[in-house]
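Have a look at the structure below before the remarks.
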Protein chains: 2
Amino acid sequence: MSDGPTITTIAQRAGVSIASVSRVLNGLPTKADTERRVMSAARELGYVPNSAARSLKSRRSNQLGFAMADIGNPVYLAMIREIQPLFKAAGYRLVLHSTNVDEADEIDVLRGLGERYIDGLIMVPLRVTAEHLNMFAAARAPIVIIGSVPEGTPVDNVRTDSRKGVRLAVGHLHALGRRRIGFVNGPVDTVPGAARSAAYAEALPALGLPYDPSLVEVGDFYRTDGARAVARLLEREPDLDALLCANDLIALGALDVLRRAGRRVPQDVAVAGMDDTDLATIAWPALTSVSMGSAERGRAAAELLLDRLDNGRRAPRVVTVEPRLVVRASTTGEETP
Amino acid sequence: MSDGPTITTIAQRAGVSIASVSRVLNGLPTKADTERRVMSAARELGYVPNSAARSLKSRRSNQLGFAMADIGNPVYLAMIREIQPLFKAAGYRLVLHSTNVDEADEIDVLRGLGERYIDGLIMVPLRVTAEHLNMFAAARAPIVIIGSVPEGTPVDNVRTDSRKGVRLAVGHLHALGRRRIGFVNGPVDTVPGAARSAAYAEALPALGLPYDPSLVEVGDFYRTDGARAVARLLEREPDLDALLCANDLIALGALDVLRRAGRRVPQDVAVAGMDDTDLATIAWPALTSVSMGSAERGRAAAELLLDRLDNGRRAPRVVTVEPRLVVRASTTGEETP
DNA sequence: TTGTACGCGTTATCAG
DNA sequence: CTGATAACGCGTACAA
């Protein structure tokens, strides 16, 4: 009841030295008799090794971290679902950090690496500032970044081709005959916001369509913000016939607003999201969405981290995940009433 | 680059003893000059205290655990969203365990408490076996269980009133004039499955309706399993006019099947879910659902744990969260086309 | 094969 | 106010 048993307790009980106890528990060659006595003493006392002591000695925590902005976002959830089993299988616990869109929080997490409570970290930063880069360079544990970082940054990196993703979606809408394709983005000073904004601006001219800034509206990456942004856009450009939303949450907001406005989806306005989260198949009509390979990115990041942990000095690696368009009713209308 | 600086490094650099360094870093009274020298040495070296050493000495890990069956389930997500900020605000990191419906995994997590890598644990067990109860009693760190445990179990406990929840839903359907109310459950040997099953069997007679076993179908707590179960039920009882689903995922499956079968919701069949997750407002028609207060339960659990951590020897406490019916279109049809 | 002794990095006690 | 020094629990040379 009081304090947990230690190897010293066991040693006394078994009448051997703590060294012998340690050897038995670590499976080193030991005389059969000693082994038996130690094992039974350990069992009787309900011995469990103390992780702090073990970590201090071994210089390993057997913990790995995952840091993202917001657990509520299903994109991160998709990543965690892949990461957690891989970590567990490799004998690591998962420490979760939700940084709440707070840049200082992200930096804190990076600084925390120095405490050595985790042996490595996967981070999905919303922004990559100079301070981030400094911390990456100074980090005393391996880091994998999901999202693009500048060439030469000394971290493993998993990216996705936003350009191609947006091109797929815009191309799809264009092929369906849509010509007034609005774009609802999140904050453009975030990694995904900036990438998707640039990609949209490129994709239209490539199809011979003009880039019209008044077809672009910026809110935040959430459903209600998205809805508000779509409402503004609709008021300004009532003749638009398609909407590309920078993520699925925004697209859900778009469906809400369009429904309330009496516009049919997709007959009047075709809607496409990005990220292809679980929500896409729950929405009605089911949401066409560009999969940015969230699950694959999570898995790739975990694999990179685990690989580096037993292969410390290889060069930083970059893995790029291919986006993929998943067509559903919100653009083709096959199931719409 | 090589190994991180320790208080010894700082002591050498500042020309003082490690004791002085420790005192300065812990804010104990120190001569201004020593303090300055220590602080600047620490800053220059980029010192960060080692958490393993600190834990070994202090016997605290500054970590708390949350264990649930499946991160993919939005119910747990709702809990995590409440738990994480509270833990963080109290200075604890969050260690996440997804036990994958594996009973042995749950026991492993409990056993892991002995390693002292967490100072406390919130667990949502799917089943509560004798082994669980043994581990609860033997645990060397505080545990909060979400879900009912037997009277006298030495853990803090957050429960919800399933009986009342089911009664609310069935009462609502009955008040709408529905008389053939099917029930689609998950496995009845789980904590929620058993509770909801018993509650359904009680609720009907209380309204003067007969309990008809052939109106009950069991699958699993997922969308596709739910869909299959609903399909079986519909085939067997084509005249049912309402469906109560034991969680929202099952209810989504029900919507899929009903739509495919050409049954209108709610005109032909009214559908209600349980848990009132985010999915309920995304579905179409929006899902009437019984909120089991997931967010509140998460918050209550976190508060109980934090309270106990600085108030070790109070009696175990039981918090009960009231269910609440959230009526939406899937039963009243107000927004249905 | 086994035991003794030391170090991992911190905190805390006890003389000076 | 400061500096030795002893824990914390474990692993491991080194010596027996």
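Every chain is numbered from 1 and lettered A, B, ... according to where its sequence line falls, protein lines coming before strand lines.
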Q: Measure from CD on B/E115 to P on D/dC10 and round the result to the nearest Å.
A: 11 Å

Q. For the pair made of CG in B/L25 and P in C/dT10, what is the distance, rounded to whole Å?
A. 9 Å

Q | Test item: B/S55 side-chain N/O and B/S51 main-chain N/O as donor-acceptor pair under 3.5 Å | A | yes

Q) Taking A/E106 for the side chain and A/L126 for the main chain, is one N or O donor matched with an acceptor at less than 3.5 Å? A) yes

Q. Separation of A/R37 atom CZ from C/dT1 atom C1', in whole Å?
A. 13 Å

Q: Show your working on side chain to side chain donor-acceptor pair (under 3.5 Å) between A/Y92 and A/R60 and close with a plain yes or no.
A: CA-CA 10 Å; A/Y92 290 94; A/R60 307 180 57 235; 2.8 Å; yes

(Q) Walk along nucleotides 2-9 of chain C from 5' to 3' and tag each nucleotide B, S or - by protein heavy-atom contact under 4.0 Å, base first, then sugar-phosphate. (A) BBBB-BBB

Q: Using a strict cut-off of less than 4.0 Å between a Lys/Arg side-chain nitrogen and an Asp/Glu carboxylate oxygen, indicate whether A/E151 and A/R159 qualify as a salt bridge.
A: yes

Q.
Can you measure A/N26 atom CG to D/dA13 atom P for me and round it to whole angstrom units?
A. 12 Å

Q) Could you give the CD1-to-P distance, from B/I10 to C/dT11, as a whole number of Å? A) 11 Å

Q. Is it true that A/E115 and A/R140 have a side-chain N and a carboxylate O under 4.0 angstrom from each other?
A. no

Q.
With a 3.5 Å distance limit and no angle check, can you tell me whether B/D119 reaches the backbone of B/L309 through a side-chain donor-acceptor pair?
A. no

